[in-house]
There are 2 protein chains.
Amino acid sequence: MSNPPLRLSPTECTCFRVRGAARRVTQIYSRHLAPTGLKISQFSLLGFVSAEGPVSIGRLSDLLATDRTTLTRNLNPLLKSGLVERSVSDDKRRHELAATLAGRAMFKRALPLWAAAEQEVRTAMGAKLTSDLHGALERSMEKLATL
Amino acid sequence: MSNPPLRLSPTECTCFRVRGAARRVTQIYSRHLAPTGLKISQFSLLGFVSAEGPVSIGRLSDLLATDRTTLTRNLNPLLKSGLVERSVSDDKRRHELAATLAGRAMFKRALPLWAAAEQEVRTAMGAKLTSDLHGALERSMEKLATL
DNA sequence: AGCACGAACGTGTATATGCACTCAAAATCT
DNA sequence: AGATTTTGAGTGCATATACACGTTCGTGCT
């Protein structure tokens with residue numbers, strides 16, 4: 001399987017393209033979520049914390065495929081606004097995180113706004129392209145997981 | 001064309017997936033570029049500035065599909081390390097940017113490292129998936145461009 | 001019990017990202 | 001020419017991202 005020579009135009013850079021797509025998509029979701037005051041990352045984080053009950057940073061790091069130290073900081077806004085609570089578990093190294101009542105209420109409120117964003121994106125792309133994109137992303141992440 | 005009801009699992013979130021992919025891919029390229037001291041964004045930026053000769057922030061913003069104010073800040077490391085120079089054009093509002101000699105040399109040095117990263121990613125994904133991913137991303141960006 | 005190792009987490013530092021706001025200069029209108 | 005609008009760019013603020021390093025605590029070994 002010989003590969004064609006890599007052309008060096010930056011648009012051929014997989015990293016450049018994926019990052020650009022992330023920027024674009026982020027903007028769209030942000031616009032929809034703006035009324036809640038939640039950023040898209042906070043929405044995801046709050047969703048996982050709500051769903052997973054008391055959960056540690058380390059586990060969240062696995063679930064979200066995000067660096068542990070990034071999560072520590074991303075949690076700050078949620079802690080400050082009282083949407084998430086932090087407690088120490090039996091293992092005193094571990095910090096358990098749980099959504100507060102306000103947190104769960106906020107997530108419920110944000111959910112339809114997220115759905116609207118998702119719908120807008122999927123409608124714009126169409127069913128086929130949506131499926132293609134998600135499929136390609138999922139398979140790519142599998143292949144790149146061990147690098 | 002009725003869409004199936006959106007399941008609300010966060011993994012069904014296009015934004016979540018694209019952002020996750022961007023994080024993963026970024027890590028891989030970063031590892032390769034580390035010896036140069038360049039971040040992947042700086043590499044892209046330096047590449048465009050080198051290729052486009054004297055170029056304004058606004059034009060770079062279009063080329064890179066990145067917010068103008070983000071570029072202003074992303075340029076700082078490159079200016080500080082003397083890889084890029086800033087000058088004022090005839091239109092005194094416009095700031096022209098150009099790669100210095102050191103900048104062009106640095107880009108040349110980084111290019112094979114970028115190519116190695118790109119090659120590693122493409123090899124891991126295989127030709128078909130690479131093509132699928134790029135195609136899906138390109139078409140998606142077209143569809144989402146006007147939202 | 002005491003020690004060595006690994007696990008879980010936070011901090012320092014640096015970059016990336018973009019919205020709202022402001023400033024200065026060019027272009028256009030009257 | 002003078003006033004208004006438009007354009008190009010920087011700053012303040014807040015968040016997102018992750019590597020290197022340090023700290024604390026559990027675990028297992030002797």
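The sequence lines fix the lettering, A, B, ..., with proteins before strands; numbering per chain opens at 1. Only heavy atoms go into these numbers, but all of them, side chains included; no hydrogens, no water, no symmetry mates.
Each end of the helix from C/dA1-D/dT30 to C/dT30-D/dA1 gets its own rotation axis from five pairs of C1' atoms, and the angle between them is 10° to the nearest 10 degrees.
The local environment of CD in B/E120 is crowded, with over 12 non-hydrogen atoms from other residues, nucleotides or ligands closer than 6.0 Å.
If you walk DNA chain C from 5' to 3' and mark each nucleotide with an atom closer than 4.0 Å to a heavy atom of chain A, the marks span C/dG6 to C/dC19.
Within the 4.0 Å cut-off from OP1 or OP2 of D/dG8, at least one side-chain nitrogen or oxygen of B/R94 is found. A sub-4.0 Å separation between OP1 or OP2 of D/dA18 and a side-chain N or O of A/T70 is present. For D/dA9, neither phosphate oxygen OP1 nor OP2 lies less than 4.0 angstrom from any side-chain nitrogen or oxygen of B/T72. Contact annotation: A/Q42 does not reach the phosphate of D/dA14 (side-chain N/O to OP1 or OP2, under 4.0 Å). Distances shorter than 4.0 Å separate none of the side-chain N or O atoms of B/R93 from OP1 or OP2 on D/dT7.
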**OP:** List the steps and the verdict of side chain to side chain contact (heavy atoms under 4.5 Å, CB included) for B/L75 and B/I57.
**Re:** CA-CA 10 Å; B/L75 278 168; B/I57 297 269; 3.4 Å; yes

Subject >> Candidate pair B/M106 and B/T36, rule side chain to side chain contact (heavy atoms under 4.5 Å, CB included), full reasoning >> reply: CA-CA 8 Å; B/M106 172 65 89; B/T36 67; 4.2 Å; yes

**OP:** Give the intermediate values and the outcome of side chain to side chain contact (heavy atoms under 4.5 Å, CB included) for residues A/I40 and B/F16.
**Re:** CA-CA 8 Å; A/I40 180 63; B/F16 181 75; over 6 Å; no

Original post:
Can you check side chain to side chain contact (heavy atoms under 4.5 Å, CB included) on B/R122 and A/T14, steps first, answer last?
Top reply: CA-CA 9 Å; B/R122 286 174 184 238; A/T14 302; 4.2 Å; yes

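Atom C1' of nucleotide D/dA9 and atom CZ of B/R59 are separated by 17 Å, given to the nearest angstrom. Atom pair B/I28:CD1 and D/dT17:C1' shows a separation of 16 Å (rounding to whole Å applied). Computed from coordinates, the B/N74 CG to D/dA16 C1' distance equals 13 Å when rounded to whole Å. With rounding to whole Å, B/R23 atom CZ is found 12 Å from D/dC19 atom P. In this structure, CZ of B/R31 is placed 17 Å from C1' of D/dA20, rounded to the nearest angstrom. Here the P atom of nucleotide D/dC19 and the CG atom of B/L38 are 17 Å apart, to the nearest Å. Atom-to-atom, CG of A/L79 to P of D/dT15 comes out at 12 Å; the value is rounded to the nearest Å. Rounded to whole Å, the distance from CG on B/L60 to C1' on D/dA9 is 13 Å.
The 5' end of DNA chain C is approached more closely, in terms of each residue's nearest nucleotide, by A/R86 than by the other of A/R86 and A/R19. Each of A/K92 and A/R73 has a nearest nucleotide on DNA chain D; the 5'-most of these lies closest to A/R73. Take the nearest nucleotide of DNA chain D for B/S56 and for A/I40: the residue whose nucleotide is more 5' is B/S56. Nearest-nucleotide mapping onto DNA chain C: of B/P77 and A/I57, the residue sitting toward the 5' end is A/I57.
No donor-acceptor pair under 3.5 Å is formed between the side chain of B/R17 and the backbone N or O of A/L137. A donor-acceptor pair is defined here as one N or O able to donate and one able to accept, closer than 3.5 Å; no such pair exists between the side chain of B/R31 and the backbone of B/T26. In terms of modelled atom types and a separation under 3.5 Å, the side chain of B/T123 and the main chain of B/Q119 share a donor-acceptor contact.
Here A/D91 lies in heavy-atom contact (under 4.0 Å) with sugar-phosphate atoms only. When heavy atoms are screened at a 4.0 angstrom cut-off, A/T26 is found touching no nucleic acid atom at all. Nucleic acid contact class of A/S41 (heavy atoms, under 4.0 Å, all strands): sugar-phosphate only. Using a 4.0 Å heavy-atom distance criterion, B/S30 is classed as making no nucleic acid contact.
Between the side chains of A/T69 and A/D67, at least one donor-acceptor pair of N or O atoms lies under 3.5 Å.
One finds no salt bridge joining A/E96 and A/R86 here, because no Lys/Arg side-chain nitrogen approaches an Asp/Glu carboxylate oxygen to under 4.0 Å.
A parallel orientation is assigned to the rings of B/W114 and B/F43, their planes being inclined by less than 30° (bins at 30° and 60°).
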